[in-house]
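Right, one structure below, let's go through it.
Values below: every heavy atom of this structure, side chains too, minus hydrogens, waters and symmetry copies. Whatever order the structure lists ligands and atoms in, that order sets their numbers, starting from 1. Everything quoted here is computed from the prediction, not taken from an experiment.
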Amino acid sequence: MAYPDLHMLKGQSALVTGASSGIGRAVALALAEAGAHVAVNYHGSQEGAEQTVAMVQAIGGKAVAIKADVASESDVKAMFDTAEQAFGPLDIVISNAGRQKDAAIGDMTLDDWNAVISTNLTGAFLVGREAILRFRRKGMRPNVSRALGKLIFNSSVHERIPWAFRVNYAASKGGLKLLMESLAQEVSQERIRVNAVAPGAIATEINKAEREKDGGEQAMLELIPYKRIGDPEDVGRTTAWLASDASDYVVGQTLFIDGGMTLYPEFRGNG
Ligand code: NAD
């Protein structure tokens, strides 16, 4: 039996952080395609955010761009206020913003460490906490969704796979795993669904230099059994599903979207 309506997000409002580019933009588009109104957060690129808004509008959706640094407590509160002023109480929050600042351990400065932890982990805490407070204030809307709210973090395969020369990034995503699971354990009985997506290698700005250096793409493909680099849309579609009632019984899970990277392909016929 088909339940097409379960995938729909009509009448729902969503906020996506770091949506001026890459995966965040694809998530915003996928949510809009399913019928949600989308607040598009950006930090650096207003132009990128406006482009995302225009892309949503081009498919008949509604979106608004909101500037905020997810690592700032006051920015995060103001971002939620602006989003709610635009589209009413939020049903879906996607904590996607993230960054890398790679360095060998001997060269990694405290600034390199703090920059990544404050965006990827503290930012996720601030956005997650605010999302839960707002979901509670909103109350259930049974005609719209079976859940009080859906909170989805964008983690990484590096919440599981250690990553030399990027200990700040791997530590932030490892922390995010237990932040997500502990939050899910704390608030599930309120019908708040907390989950995460964990992408593998997806073609975006974050890894452009790595992909485009000599032999870079080939080296990445060796780590991917499915033998293709992922597109932001691969993550967008899955995230929209996780935000919909089609996944209503999925609680506290990390969904790996990685072409099999976490299968450790080096062990195929070896070891
Ligand atoms: P990206 O660089 O295109 O997007 C990152 C976004 O986060 C940018 O729009 C950036 O402006 C925003 N951002 C950074 N710091 C911010 C801050 N303090 N406040 C608000 N926004 C901020 O790269 P992407 O690949 O789309 O990254 C999105 C997420 O996906 C990140 O959390 C990243 O760790 C995760 N991820 C990406 C991959 C990949 O292969 N691309 C793999 C695993 C996980």
Test item, Ser72 contacting ligand 1 (heavy atom, 4.0 angstrom): no
Ligand 1 versus Ser155: contacting region, heavy-atom distance under 4.0 Å: backbone
For atom 29 (C) of ligand 1, the option (of Asn96, Asp258, Val70, Ile23) bearing the nearest heavy atom: Asn96
contact_flag Arg25 ligand 1 heavy-atom lt 4.0 Å: no
Arg193 NZ/CZ over Phe135 ring centroid, <6.0 Å and within 45° of normal: no
NZ/NE/NH1/NH2 to OD/OE distance under 4.0 Å, Glu47 and Lys67: no
Ligand 1 N/O within reach of Lys173 N/O, cut-off under 3.5 Å: yes
Which residue and heavy atom of the protein sit nearest atom 8 (C) of ligand 1, plus the separation: Ser21 OG, 3.4 Å
Among Ser172, Ala201, Ala97, closest by any non-hydrogen atom to atom 13 (N) of ligand 1: Ala97
Test item, Ala68 contacting ligand 1 (heavy atom, 4.0 angstrom): yes
Identity and distance of the protein heavy atom lying nearest atom 38 (C) of ligand 1: Gly200 O, 3.8 Å
Shortest reach to atom 33 (C) of ligand 1 by a heavy atom, considering only Tyr169, Phe256, Tyr42: Tyr169
Ring geometry between Tyr169 and His158 (parallel below 30°, tilted from 30 to 60°, perpendicular above 60°): perpendicular
Short N-O contact, Lys227 and Glu222, less than 4.0 angstrom: no
Heavy-atom nearest neighbour of atom 39 (C) of ligand 1 within options Ile202, Ile94, Ile257: Ile202
Gly123 to ligand 1, any heavy atom closer than 4.0 Å: no
Side-chain H-bond candidate by donor/acceptor type, Asp245 with Ser145, under 3.5 Å: yes
Thr204 N/O under 3.5 Å from ligand 1 N/O: yes
Residue-ligand contact Thr17/ligand 1, heavy atom below 4.0 Å: no
Ligand 1 contact by Pro232, heavy-atom criterion under 4.0 angstrom: no
Nearest-contact summary for atom 15 (N) of ligand 1 - protein heavy atom, Å: Thr119 CG2, 3.5 Å
